[in-house]
Amino acid sequence: MLDVQLFRNDLDFVTTQLKKRNFAFNPENYSELEARRKAVQTKTQELQNARNSSSKAIGQAKAKGDDVQPLLDNVANLGDELKAAETELNEIQGELDALMSGIPNLLDASVPEGKSEDDNVEISRWGDLPTFDFEVKDHVDLGTARNLLDFELGAKITGSRFVVLNGKLARLQRALIQFMLDTHCAENGYQETYVPYLVNADSLRGTGQLPKFEDDLFKASENPALYLIPTAEVPVTNIVRDVIVDAKNLPLKFVCHSPCFRSEAGAYGRDVRGMIRQHQFEKVEIVQIVKPEDSAQAHEDLTNHAEMILQKLKLPYRKMLLCAGDTGFSSSKTYDLEVWLPGQSAYREISSCSNFRDFQARRLQARWRNPETGKPELVHTLNGSGLAAGRTLIAVMENYQDAEGRIHIPEVLLPYMGGLNVIE
RNA sequence: GGAGAGUUGGCCGAGCGGCUGAAGGCGCUCCCCUGCUAAGGGAGUAUGGGCUUUAACUCCCAUCGAGGGUUCGAACCCCUCACUCUCCGCCA
């Protein structure tokens, strides 16, 4: 949610900024609605004031033992008039809310122009691409050859875009998750959390998935309305919903492993092969709640924390700055990390690190008390994948394969694999 | 699942139809006194919104779990829902 004051004070600025995103915003439409709101709200409040002062007068007259009937006659019609005004105001507020909650965040000045992922800007590359003196396999061939990955079984048990991991490979994924959690806690100062995987609509509104992106979610129950989390970002960021955080406790840094559930509506036909795009996958999420002045630096730090995992795993990757058209709804600026997948001879997204500034915080009413003003002010929120475990598993399989189709265990994972150093 | 009790400001807690945006206490901030491991006195201390060209003040509106109702007027009465606690049952 953007600041309504910004719309009232500098509508041209907002319109121009939104245009960078190719977001169709109609300022005339907005102004007209806002003018109605102002008129009706003022009128409503005047009526409320009239009612309050009349009621007070009646109370005082009664206390003195005066005849209150003339006063009662006076306010006879006030009730209906007030009710009508309040109803109208509610409708207008509802319209405005719907409009405002559908408007994306404003982009940071450093975000490049562009329409699609083709316009994203490469910031850096890390690691040498591996060379193989044999024909490389992708993770599907590597995994199914040894019955480590079973897509047909996933389809039988549930349906398409689900998979079963067997034996050593399941353990390797668990090792990756443990390694990521331990690293973020011990080296990057994050606090581990465990959170619900079903969330209510308020939580999803807070982080921006609702009302606009309900199709991307799995709804698990109707009454109460509960949804499977699409990312741990939702429950973890909602830790600070309706909270005024003590300044001395900032920044808050959380790390959380969770499964993620996405309906992948609109992704039919994309990445159908393998486990790149599943309805259910494991991810380690890092979240930061910071003072506004710290969020730009925190964004760089948080991205570095995600990069650290790739570096320790010795997986080659590149860092992309997303262009205007590819930056998510709630984000003001996003870096994607793309890992090298030899099986595809391509870099593929493995982490997305975003600074939401106060966009989520305003929806969440997540605030901190600024000692300088003594007033509650909105915090800034950030998050990133650190990393998507399912895709990291794929990357390890493909980068660490040998001519026999075996998968060697990255050095940093050895302590988590119970002495195993190769899956064969 | 059954029975009962609750939900008020940063925290505890009073209030049960008008003078209550809310007593009292704790905490916090400032001032005074005293003087040293402790104490006394005074003042201040909720949030969101509107109006205003902007800002501050004043003013106005809303908020005592949420939503609705009764009433000239609701923290207080009625209804619905959510959550918390206690006891019983069940359970990884």
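First the proteins, then the strands, lettered A, B, ... as listed; each starts at 1.
Separation of the P atoms belonging to rG6(B) and rG24(B) is 25 Å when rounded to the nearest angstrom. Nucleotides rC16(B) and rA56(B) have their C1' atoms positioned 40 Å apart, rounded to a whole Å. Nucleotides rA3(B) and rC81(B) have their P atoms positioned 14 Å apart, rounded to a whole Å. Separating the P atom of rG65(B) from that of rG10(B) is a span of 13 Å, rounded to the nearest Å. For rU52(B) and rC57(B), the C1' atoms lie 12 Å apart once the distance is rounded to whole Å. Across rG27(B) and rC11(B), the matching C1' atoms stand 7 Å from one another, rounded to whole Å. Taking atom C1' in both rG13(B) and rG18(B), the straight-line distance is 24 Å, to the nearest Å. rA23(B) and rG9(B) have their C1' atoms separated by 13 Å, with the value rounded to a whole Å.
Of the listed residues (N383(A), T381(A), N105(A)), just one forms a side chain to side chain donor-acceptor pair (under 3.5 Å) with Q360(A), and that residue is T381(A). Tested against K319(A) for a salt bridge (charged side-chain N to carboxylate O under 4.0 Å, His left out), the candidates E349(A), E307(A), E338(A) yield a single pass: E307(A).
The side chain of Q41(A) has rG49(B) as its nearest neighbour among rG69(B), rG49(B), rG73(B). Looking at the side chain of L72(A), the nearest of the listed nucleotides rG49(B), rA62(B), rC72(B) is rC72(B). Checking rG48(B), rG18(B), rC61(B) against the side-chain heavy atoms of P376(A) singles out rG48(B) as nearest. In this structure, the nucleotide among rU47(B), rA62(B), rG69(B) sitting nearest to the side chain of R367(A) is rU47(B).
Annotation: H184(A) is in aromatic contact with Y190(A) [ring centroid separation under 6.0 Å]. Outside the 6.0 Å centre-distance limit, the rings of F261(A) and Y227(A) are not counted as a close aromatic pair. Aromatic rings from H257(A) and Y194(A) are positioned such that their centres are separated by 6.0 Å or more.
As judged by a 4.0 angstrom heavy-atom cut-off over every strand, K248(A) is placed among residues making no nucleic acid contact.
Note on ring orientation: taking the six-membered ring where Trp is involved, the planes of Y30(A) and F25(A) are tilted (angle from 30° to 60°). Ring geometry, F213(A) versus F329(A): the interplanar angle exceeds 60°, so the pair is classed perpendicular (tilted spans 30 to 60°).
Along RNA chain B, the nucleotide nearest to Q93(A) and the one nearest to K56(A) differ in position, and the one closer to the 5' end is contacted by K56(A). Along RNA chain B, the nucleotide closest to R369(A) and the one closest to G59(A) are compared, and the more 5′ of them pairs with G59(A).
Figure legend. rU45(B) is base-paired to rG27(B); pairs are counted as Watson-Crick or G-U wobble with both atom distances under 3.5 Å. rG67(B): Watson-Crick or G-U partner is rC79(B), with both key distances under 3.5 Å. Nucleotide rC16(B): unpaired (no Watson-Crick or G-U wobble partner with both distances less than 3.5 Å). Of the nucleotides present, none pairs with rC51(B) by Watson-Crick or G-U wobble criteria with both distances under 3.5 Å. Applying the Watson-Crick and G-U wobble criteria (two distances, each under 3.5 Å), rG40(B) pairs with rC32(B). rG1(B) and rC88(B) make up a base pair, with Watson-Crick or G-U wobble contacts both under 3.5 Å.
Taking 4.5 Å as the limit, some side-chain heavy atom of I409(A) sits within range of a side-chain heavy atom of L172(A). Looking at D138(A) and Q344(A), their side chains never come closer than 4.5 Å, going by heavy atoms from C-beta outward. Considering only heavy atoms from C-beta on, R205(A) comes within 4.5 Å of D202(A) through its side chain.
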Are any protein N/O atoms closer than 3.5 Å to N/O atoms in nucleotides 51-57 of chain B? If there are, list each pair with its distance.
residue	atom	partner	partner atom	Å
rU52(B)	OP2	K38(A)	NZ	3.3

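Residue N77(A) contributes atom CG, which lies 12 Å from atom C1' of rC72(B) at whole-angstrom precision. The interatomic distance linking D73(A) (CG) with rC72(B) (P) rounds to 11 Å, in whole Å. The CG atom of D3(A) sits 12 Å away from the P atom of rG48(B) (whole-angstrom rounding). For D67(A) and rC72(B), the CG to C1' distance is 14 Å, given to the nearest whole Å. Between D242(A) atom CG and rG9(B) atom C1' there is a gap of 15 Å when expressed in whole angstrom units. Atom CG of N90(A) is separated from atom P of rG49(B) by 17 Å (rounded to the nearest Å). When rounded to the nearest whole Å, the span between CD of E46(A) and C1' of rC59(B) equals 13 Å. Rounded to an integer number of Å, the gap from CD of Q365(A) to P of rG48(B) is 7 Å.
Contact annotation: side chain of K62(A) to base of rG18(B), donor-acceptor pair present below 3.5 Å.
Note on K83(A): a side-chain N or O is less than 4.0 Å away from OP1 or OP2 of rG69(B). Look at N49(A) and you won't find any side-chain N or O under 4.0 angstrom from OP1 or OP2 of rC60(B).
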